[in-house]
Amino acid sequence: MSSFARATTRRTEAGFVLLEIMLAVVIFAFGVAALGRAMTDCLNAQRLRMDLERVRLVLGNRMLEIQANPAMPDDFRKTELKGAFKGLTLIEKRVPLQLRNEEGAVLGGLNEVQLTIEWPADGGSTQNRTLSFYLARGS
């Protein structure tokens, strides 16, 4: 093999090595970009989970407060929460139920209580969760 042929072969091999390195760098860059997107999605999911946990805590606590209090709750009340629950709005609704027994007599003191939590979500929309339960108080 002549020296010219050997030099051409070396240049061609060096060109292929450069092309392989460039391809590896491009693949690595796509991998890093995908990993960054996955991390962002994980952080968003964690934030949403924490929001829902705060909402469950507020709804559960308020339900227990209403059940433990012997007084009848208001028909409607809207409260902007403070402290650790800042940004959440609690909406309480109470509707007296007009149920009858087997003999047609009205059962008094039965109410449906609906607790709703609203909070701002990404994009300017509002998210909400609702908890409904029945409450019996003397008529």
Check: Can you list the residues that meet the side-chain hydrogen bond (donor to acceptor under 3.5 Å, both in side chains) rule with T79, with sequence neighbours excluded?
Finding: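 Once residues adjacent in sequence are excluded, T79 has no partner under the side-chain hydrogen bond (donor to acceptor under 3.5 Å, both in side chains) criterion.
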Check: With sequence neighbours excluded, what pairs up with S132 under the side-chain hydrogen bond (donor to acceptor under 3.5 Å, both in side chains) test?
Finding: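 Applying side-chain hydrogen bond (donor to acceptor under 3.5 Å, both in side chains) to S132 gives none.
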Item checked: Pairs where residues 54-66 contributes a residue and the test side chain to side chain donor-acceptor pair (under 3.5 Å) is met, not counting sequence neighbours ->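 For residues 54-66, and leaving out neighbouring residues, the side chain to side chain donor-acceptor pair (under 3.5 Å) pairs sorted by first residue read E53-R56, R62-E65, R62-E92.
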For residues 96-112, which side-chain donor-acceptor pairs fall under 3.5 Å, sequence neighbours excluded?
| unit_1 | atom_1 | unit_2 | atom_2 | d |
| --- | --- | --- | --- | --- |
| R100 | NH1 | G104 | O | 2.8 |
| N101 | OD1 | E103 | N | 3.0 |
| N101 | OD1 | G104 | N | 3.1 |
| N101 | OD1 | A105 | N | 2.9 |
| N111 | OD1 | R94 | NH1 | 2.9 |
| N111 | ND2 | G109 | O | 3.3 |

Checklist line | Option passing side chain to side chain contact (heavy atoms under 4.5 Å, CB included) with I117 (candidates T130, T89, L131, L90) | finding: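 Going through the options one by one, the only one that passes is L90.
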Item checked: Passing option when R129 is tested against T116, L88, L52 for side chain to side chain contact (heavy atoms under 4.5 Å, CB included) -> L52
Nonpolar side-chain network containing [X], other nodes, edges under 4.5 Å:
{"X": "V26", "answer": "F30"}
{"X": "M39", "answer": "none"}
{"X": "V95", "answer": "none"}
{"X": "V32", "answer": "F28"}

Looking only at non-hydrogen atoms, find the nearest pair between [X] and [Y] and report the distance.
{"X": "F133", "Y": "L115", "result": "CE2-CD1, 3.8 Å"}
{"X": "R137", "Y": "A71", "result": "NE-O, 3.6 Å"}
{"X": "P120", "Y": "G87", "result": "CD-O, 3.4 Å"}

Notebook entry, point to check: Can you tell me how far CZ of F76 sits from NZ of K93, rounded to the nearest 0.5 angstrom?
Noted result: 6.0 Å
Item checked: Spacing of I91 atom CD1 and K78 atom NZ [to the nearest 0.5 Å] ->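 Those atoms lie 4.5 Å apart.
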Item checked: Residue list, salt bridge (charged side-chain N to carboxylate O under 4.0 Å, His left out) with R49, at least two apart or on another chain -> none
Margin query: So, using salt bridge (charged side-chain N to carboxylate O under 4.0 Å, His left out) as the criterion, who are the partners of D41 when residues are at least two apart?
Written below: R37
Check: Can you name the residues that form a side chain to side chain contact (heavy atoms under 4.5 Å, CB included) with N44, not counting sequence neighbours?
Finding: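 Scan of N44 (side chain to side chain contact (heavy atoms under 4.5 Å, CB included), adjacent residues dropped) gives T40, R47.
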Next item on the list: Taking the side chain as every heavy atom from C-beta outward, state whether F85 and L57 have any pair of such atoms under 4.5 Å apart.
Entry: yes
